[in-house]
Every structure is written in C-alpha cells, then in structure tokens.
Enquirer: 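The structure under discussion is supplied below as structure tokens; questions concerning it will follow.
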Amino acid sequence: MVDLLLGLQWGDEGKGKIVDVLTKDYDIIARFQGGPNAGHTLEFDGIKHVLHTIPSGIFHKNAMNVVGNGVVIDPVIFKKELDNLEQFQIDFVAKLLISRKAHLILPTHRLLDAASETAKGKAKIGSTLKGIGPTYMDKTGRNGMRVGDLEFTDWKEKYRALADKHEAMIAYYDVDIQYNLDELEAEFFEGVETLKKLTFIDSEQYIFDAMAAGKKILAEGAQGSLLDIDFGTYPFVTSSNTTAAGACTGLGVAPGKIGSVLGIFKAYTTRVGSGPFPTELFDDAGATMGRVGNEFGATTGRPRRCGWLDLVALKYAVQINGVTELMMMKADVLSGFDTIKVCTAYHYKGEQITHLPYNIEAEYVTPVYTELKGWKEDLTKLSKAEELPAALNAYIAYLEKELNVPIKIVSVGPDRLQTILR
Ligand code: GDP
Ligand code: IMO
Ligand code: MG
C-alpha cells in the first residue's frame with residue numbers, strides 16, 4: 001500500500017517537516033508531482049534545510065527516496081540542492097532514484113514563465129518563475145524532454161530543437177526579458193551531467209516491486225489542494241494535480257493500492273502569489289500571524305498572505321482527497337489571540353452557502369465566521385497531548401467534529417521534536 005501526505009490549503013502547510021518526522025516508519029518516500037516551485041522545510045539538530053525536488057526522507061538512513069514520473073526536474077536547481085547537502089555525506093546514487101519518465105525543465109521554460117507572467121501584467125498568477133507551467137504544457141502538448149532521453153546520444157539535438165522553439169515563443173510575447181542563453185545553457189548542461197550520475201529507474205516498476213515485497217511507501221505531495229490544476233482556484237493554481245489522484249498518475253499507483261491519506265493544514269491559512277483568499281486579513285491579526293509564523297516563501301522569499309482558517313475550503317479538500325487522518329500545523333502561532341475565528345460559510349449571491357462555489361473572488365464571496373476562545377500559553381516546549389491548553393483542545397475537537405476526521409498530530413514549532421501525537 002502507498003500512504004499519501006497532502007497539503008490541504010494553498011501550500012506551505014509543513015509537509016516537509018511531517019514527512020521527515022514520519023520517515024522512520026517508511027521504506028520509501030516518493031514525490032509524485034510539482035517541481036522546484038516547492039520549498040519543503042525540515043529542522044532538526046539546530047539546522048534548517050529547504051528541499052525543492054529531493055524528497056523529505058533524504059536525511060534518514062532507513063528510507064529510499066524516489067522522484068516520480070509526475071515531477072518536473074530542473075537540473076540546475078537539482079545540482080544546487082545536491083551541492084548544499086554535500087557536507088551531510090548522503091550517498092545519493094544509492095538513496096535517490098529518479099524516474100526516467102519525469103520531465104525536464106529547460107532554461108527556456110523558465111524564460112517562458114517570466115514572459116507569460118510579464119505579459120499578463122496585473123492578472124499574473126504570481127508564479128514562482130521556475131518554469132513549471134511551460135514544462136507541464138510541453139508534457140501535455142507531447143513536446144517535452146524526459147530524464148530517460150538523457151540516456152540516448154541524441155539528447156542535445158532534442159534539447160536544441162525545443163529550446164529554439166521556445167525562443168520563438170518568447171519573442172512572440174513581445175515583452176522585455178533580458179537573458180544570456182549561452183550562460184543559462186552552460187549551467188543547464190552542467191546540471192544534466194550531475195543528474196546523469198544518479199540512478200535512473202522505471203519508477204512505476206520499482207513501486208510495483210516494492211509493494212509486492214511489502215515495503216511501506218509514503219507519497220509526499222507538493223503545493224496544496226487549492227493549487228490543484230482542476231480543483232484549485234483556477235487560473236491561480238499550479239500546473240499539476242496536487243490532490244490524491246495525482247499520486248496515482250504521478251507514481252503509477254492504482255487507486256485500490258492507496259492506504260492512509262494524511263492531510264496537513266495550518267491552524268490558520270496562508271497563500272503566496274496571486275488569487276482569491278476569502279479569509280485573508282489585512283489587519284494586525286494577519287500581520288501577527290505573518291510575524292510569529294515567519295511566513296515567507298521557502299522558494300521565493302515572498303511574504304505569505306495570512307488569514308483565519310477556512311473550514312469551507314478545508315472540508316472541500318478533505319472530500320476531494322478522501323483524507324483519513326489530519327495533522328494540524330503551527331498551532332503555536334495562534335497563542336495569544338483572545339478569540340480564534342473560523343470561516344464556516346460564505347455569503348454568496350444573497351445566500352449563505354457551505355460549499356465551495358465556482359468563483360471565490362472577494363467580489364462574490366464574504367466569509368461568515370464562528371468565534372472560539374483563544375489560549376495564551378506558549379506551546380513550543382510541549383511534547384504531550386495531555387499538556388495542550390483546554391481552549392486549544394476545544395478548537396481541535398470543534399474541527400474534528402466539523403470535518404469528521406481525527407487530528408492525529410498537532411505541530412507546535414518547526415523542529416522535528418516539536419510534534420505532538422494524539
Ligand atoms: P511545506 O512546503 O508544506 O513543506 O512547508 P514550508 O516549509 O514551505 O513552510 C512551513 C514553514 O513553517 C517552515 O518554515 C517550517 O519550518 C515552519 N513550521 C512547520 N511546522 C511548524 C509549526 O508547527 N510551528 C511553527 N512555528 N513553524 C512551523
Ligand atoms: P510547497 O510544496 C506555496 C504557488 C505560487 C503561485 C502558484 C503558481 O512548498 O507547498 P507555479 O510556480 O507553480 O507556476 O506557481 O502556485 N505555489 C506555491 N505556493 N507553496 C508551494 O509549494 C507552491 N508552489 C507553487 O506562489 O501562486
Ligand atoms: Mg513550501
């Protein structure tokens with residue numbers, strides 16, 4: 001069976017931290033979608049690591065790490081990630097396996113991302129500019145380059161033909177994008193040489209064999225359900241299926257082989273980039289969440305927009321993914337608020353609704369809040385469920401009742417050890 005770990009909001013829920021915490025119980029950690037737009041943070045032994053493409057199980061000796069076919073890989077960023085980890089003496093050839101069917105992000109994909117965003121002006125998606133959209137466009141358009149192509153001698157010709165086409169497309173946008181392709185290509189070819197030193201596999205076969213041998217596998221999601229290409233706040237989404245179904249296509253796992261679906265959410269909500277966010281706060285409360293939660297993007301450094309928990313959106317994510325267990329992150333950030341608000345419905349076209357409508361722009365949707373009592377205690381030193389303050393327990397019980405799924409982990413700080421099991 002393959003368990004899934006998925007972000008239920010707009011990303012940055014704390015997936016990296018929890019995958020790292022859970023890896024001791026698994027034999028394989030596998031990424032199934034997204035690419036270096038992801039920034040997954042892990043903290044232990046006083047060191048903070050941010051991973052973009054490498055699965056978050058990499059620091060554990062017991063687990064293999066797989067980059068699945070649904071992922072898009074930028075060899076340049078990948079090389080930097082490996083270089084950053086050099087001091088930790090990880091045997092990447094043995095521990096990190098790359099699907100031959102994963103697609104490659106070319107330097108011109110990144111340029112196309114920038115050209116597209118510039119051309120959109122105010123309507124821009126707020127992309128991380130890592131080339132994600134253009135790479136998935138080439139994948140579905142059947143023009144992409146895959147990791148497996150690098151094992152054939154003609155890969156540079158394929159690269160050239162695609163890069164030339166991209167240059168013509170960049171010119172079409174008619175925007176001022178400055179670049180030196182020779183430099184970008186030199187960096188790309190260097191990255192490819194590093195990538196080629198790793199082990200390429202037919203990852204679906206590897207997963208079939210691992211399942212047959214009774215291995216425990218955890219699929220690590222990137223982004224969050226509300227950034228899903230189909231079910232997110234389109235067009236302000238990413239270009240892959242971030243929801244449970246994405247693990248089936250992104251790893252080759254049949255639906256019947258999915259075990260537990262672990263859903264992660266913050267005790268409040270954040271979003272980075274453009275797009276609707278009904279519970280977004282523009283007052284002191286939002287600023288406090290941002291400051292205490294250190295809410296800056298792990299990939300781009302941009303400040304994250306903050307707001308109260310949106311239960312309407314969270315219920316939707318629980319349903320879309322079939323979540324069986326919940327994990328509540330960053331509970332410590334809410335310490336000190338007199339009241340905690342939760343959005344339980346939307347005012348929409350003159351009525352009150354409790355489902356996610358087609359459009360959740362502020363012009364159509366106003367959040368309806370329920371208020372709960374806050375708590376003052378510092379949670380960051382706590383380690384047992386019995387120590388949690390009564391008001392936090394009431395918040396947890398309220399959410400469990402509304403969502404009808406148990407909250408099994410409460411996270412009270414960024415460190416591996418600041419994790420409370422219930
Ligand atoms: P991911 O993309 O889902 O892996 O999440 P990110 O790493 O982008 O963002 C989560 C941020 O919150 C990181 O800086 C984490 O170190 C931090 N973090 C995770 N869990 C907690 C928590 O319970 N409390 C606090 N204060 N920070 C946390
Ligand atoms: P992790 O895995 C938060 C957002 C971008 C932008 C939109 C599209 O760390 O949770 P893209 O680069 O995919 O074209 O950007 O999606 N976005 C994320 N937001 N966390 C992420 O990943 C994100 N990956 C993309 O900010 O709004
Ligand atoms: Mg992140």
Side-chain angles (χ1 to χ4, degrees), residues 5-21 31 33-44 47-53 55-56 71-72 74 105 109-110 112-114 116-117 124-137 220-229 232-240 242 264-277 289-305 327-335 378-380 382 409-420:
L5 183 136
L6 307 165
L8 301 182
Q9 295 161 318
W10 278 288
D12 304 328
E13 296 87 354
K15 299 175 289 293
K17 167 179 166 162
I18 293 298
V19 170
D20 172 59
V21 167
R31 278 278 305 270
Q33 47 70 234
N37 48 348
H40 294 182
T41 315
L42 291 67
E43 267 189 59
F44 53 87
I47 309 179
K48 175 172 155 174
H49 304 274
V50 180
L51 300 172
H52 300 288
T53 323
S56 300
V71 175
V72 291
D74 184 334
I105 302 177
H109 281 130
R110 270 185 273 136
L112 275 170
D113 211 354
S116 165
E117 285 284 81
K124 73 174 181 184
I125 309 297
S127 156
T128 60
L129 301 178
K130 303 295 174 195
I132 305 296
T135 305
Y136 278 112
M137 279 164 74
E220 172 180 1
Q223 290 81 53
S225 298
L226 301 175
L227 289 170
D228 182 276
I229 182 71
T233 45
Y234 193 90
F236 301 101
V237 293
T238 191
S239 297
S240 63
T242 59
I264 295 212
F265 68 102
K266 277 180 189 164
Y268 49 101
T269 310
T270 64
R271 170 161 210 173
V272 60
S274 331
F277 178 2
M289 289 171 191
R291 189 183 66 253
V292 180
N294 193 23
E295 295 293 359
F296 294 92
T299 295
T300 59
R302 292 176 292 177
R304 296 177 183 142
R305 301 151 65 190
M327 287 153 193
M328 184 164 94
M329 310 301 289
K330 302 190 100 158
D332 55 302
V333 176
L334 293 188
S335 290
D378 172 13
L379 309 179
T380 57
L382 305 185
I409 286 182
V410 179
S411 178
V412 293
D415 194 274
R416 210 186 243 177
L417 301 174
Q418 291 170 305
T419 309
I420 296 180

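Numbering of ligands and ligand atoms starts at 1, following listing order.
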Enquirer: Which heavy atom of Gly16 sits nearest to which heavy atom of Ser56, and what is that distance?
Expert: CA-OG, 3.5 Å

Enquirer: So which protein N/O/S atoms does the Mg ion (ligand 3) have within less than 2.8 Å?
Expert: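 Sorted hits: Asp12 OD1, Gly39 O.
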
Enquirer: With heavy atoms under 4.0 Å as the rule, classify the contact between Lys17 and ligand 1 as side chain, backbone, both or neither.
Expert: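 The answer is the side chain.
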
Enquirer: Specify the protein heavy atom at minimum distance from atom 7 (C) of ligand 2: its residue, its atom name, and the distance to 0.1 Å.
Expert: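 Result: Val237 O, 3.9 Å.
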
Enquirer: Please list, in number order, the atoms of ligand 2 under 4.0 Å from a heavy atom of Gly126.
Expert: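 Selected atoms, number and element: 5 (C), 6 (C), 26 (O), 27 (O).
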
Enquirer: Tell me, which protein residue and heavy-atom name are nearest atom 14 (O) of ligand 2, and how many Å apart are they?
Expert: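 Scanning the protein heavy atoms, the shortest distance from atom 14 (O) of ligand 2 goes to Ser127 OG, 3.4 Å.
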
Enquirer: Considering only the protein, which heavy-atom contact is closest to atom 23 (C) of ligand 2, and what is its distance?
Expert: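 For atom 23 (C) of ligand 2, the nearest protein heavy atom comes out as Gln223 CG, 3.6 Å.
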
Enquirer: Among all protein non-hydrogen atoms, which one is nearest to atom 27 (O) of ligand 2, and what is the separation to 0.1 Å?
Expert: Val272 O, 3.2 Å

Enquirer: For atom 17 (C) of ligand 1, grab the closest protein heavy atom and report residue, atom and distance to one decimal in Å.
Expert: Lys330 NZ, 3.9 Å

Enquirer: Heavy atoms only, cut-off 4.0 Å: how does Trp10 contact ligand 2, side chain, backbone, both, or neither?
Expert: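 It is the backbone that gets close, since no side chain atom is under 4.0 Å.
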
Enquirer: Are any of the heavy atoms in Gly39 under 4.0 Å away from ligand 1?
Expert: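 In this structure, Gly39 qualifies as a contact of ligand 1 - some heavy atom is under 4.0 Å.
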
Enquirer: Judging by distance only, is a nitrogen or oxygen of Asn37 under 3.5 angstrom from one on ligand 2?
Expert: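 Looking only at distances, the answer is yes, because the N/O contact criterion of under 3.5 Å is met.
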
Enquirer: Could you tell me which atoms of ligand 1, counted from 1 in the order shown, lie closer than 4.0 angstrom to a heavy atom of Ser411?
Expert: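 Counting atoms of ligand 1 from 1, those under 4.0 Å from Ser411 are 20 (N), 21 (C), 22 (C), 23 (O).
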
Enquirer: Looking only at protein heavy atoms, which one is nearest to atom 7 (O) of ligand 1, and how far off is it?
Expert: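 Result for atom 7 (O) of ligand 1: Thr41 OG1, 2.5 Å.
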
Enquirer: When you check the gap from the basic side-chain N to the acidic O, do Arg304 and Asp12 get nearer than 4.0 Å?
Expert: yes

Enquirer: For atom 16 (O) of ligand 1, find the nearest protein heavy atom and state the residue, atom name and distance (0.1 Å precision).
Expert: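 Among all protein heavy atoms, the one nearest atom 16 (O) of ligand 1 is Pro414 CB, 3.4 Å.
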
Enquirer: For Gln9, does its backbone N or O pair with a side-chain atom of Arg271 as donor and acceptor, under 3.5 Å?
Expert: no

Enquirer: What part of Asp332, side chain, backbone, both or neither, has a heavy atom within less than 4.0 angstrom of ligand 1?
Expert: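 It is the side chain that gets close, since no backbone atom is under 4.0 Å.
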
Enquirer: Give the numbers and elements of all ligand 2 atoms closer than 4.0 Å to a heavy atom of Leu227.
Expert: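 Here the atoms of ligand 2 in question are 4 (C), 16 (O), 17 (N), 18 (C), 19 (N).
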
Enquirer: Please name the pair of heavy atoms, one in Ser225 and one in Leu8, separated by the smallest distance, quoted to 0.1 Å.
Expert: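 Scanning both residues, the minimum pair turns out to be OG-CA, 3.8 Å.
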
Enquirer: Using only atom types and a distance under 3.5 Å, with no angle test, would you say the side chain of Tyr136 pairs donor to acceptor with the backbone of Gly34?
Expert: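 Present.
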
Enquirer: Can you tell me which residue and heavy atom of the protein come closest to atom 20 (N) of ligand 2, and the distance to 0.1 Å?
Expert: Asp12 OD1, 3.0 Å

Enquirer: With heavy atoms of Ala222 as the reference, note each atom of ligand 2 found under 4.0 Å away.
Expert: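 Contacts of ligand 2 toward Ala222, numbered from 1: 2 (O).
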
Enquirer: Applying a heavy-atom cut-off of 4.0 Å, say which part of Thr300 lies close to ligand 2: side chain, backbone, both or neither.
Expert: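 For Thr300, no heavy atom sits under 4.0 Å from ligand 2.
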
Enquirer: Could you tell me whether Arg302 and ligand 2 have an N or O pair separated by under 3.5 Å?
Expert: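 Arg302 vs ligand 2: N/O contact under 3.5 Å present.
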
Enquirer: Heavy-atom contacts with Ala38 under 4.0 Å: which atoms of ligand 2 show up? List them by number with element.
Expert: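 Selected atoms, number and element: 1 (P), 2 (O), 9 (O), 22 (O).
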
Enquirer: Under a 3.5 Å threshold, yes or no: a donor from one side chain and an acceptor from the other, between Asp113 and Ser127?
Expert: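 The criterion, which ignores hydrogens and geometry beyond distance, is satisfied for Ser127 and Asp113.
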
Enquirer: At under 4.0 Å between heavy atoms, which part of Val412 makes contact with ligand 1: side chain, backbone, both or neither?
Expert: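 The answer is the backbone.
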
Enquirer: Has Lys15 got a side-chain atom pairing as donor or acceptor with Gln223's backbone, closer than 3.5 angstrom?
Expert: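 Indeed, once roles are kept as given, a pair shorter than 3.5 Å links the two residues.
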
Enquirer: Does ligand 1 have an atom that lies less than 4.0 angstrom from a heavy atom of Gly11?
Expert: no

Enquirer: Do Lys130 and Thr299 get their side chains close enough for a donor-acceptor pair, meaning under 3.5 Å?
Expert: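 Judged by distance alone, the side chains do not pair up.
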
Enquirer: If we set the cut-off at 4.0 Å for heavy atoms, which region of Lys15 has an atom near ligand 2: side chain, backbone, both, or neither?
Expert: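 The side chain, only.
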
Enquirer: State if Arg304 counts as touching ligand 1 under the rule of any non-hydrogen atom under 4.0 Å.
Expert: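 The answer is yes: ligand 1 sits under 4.0 Å from a heavy atom of Arg304.
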
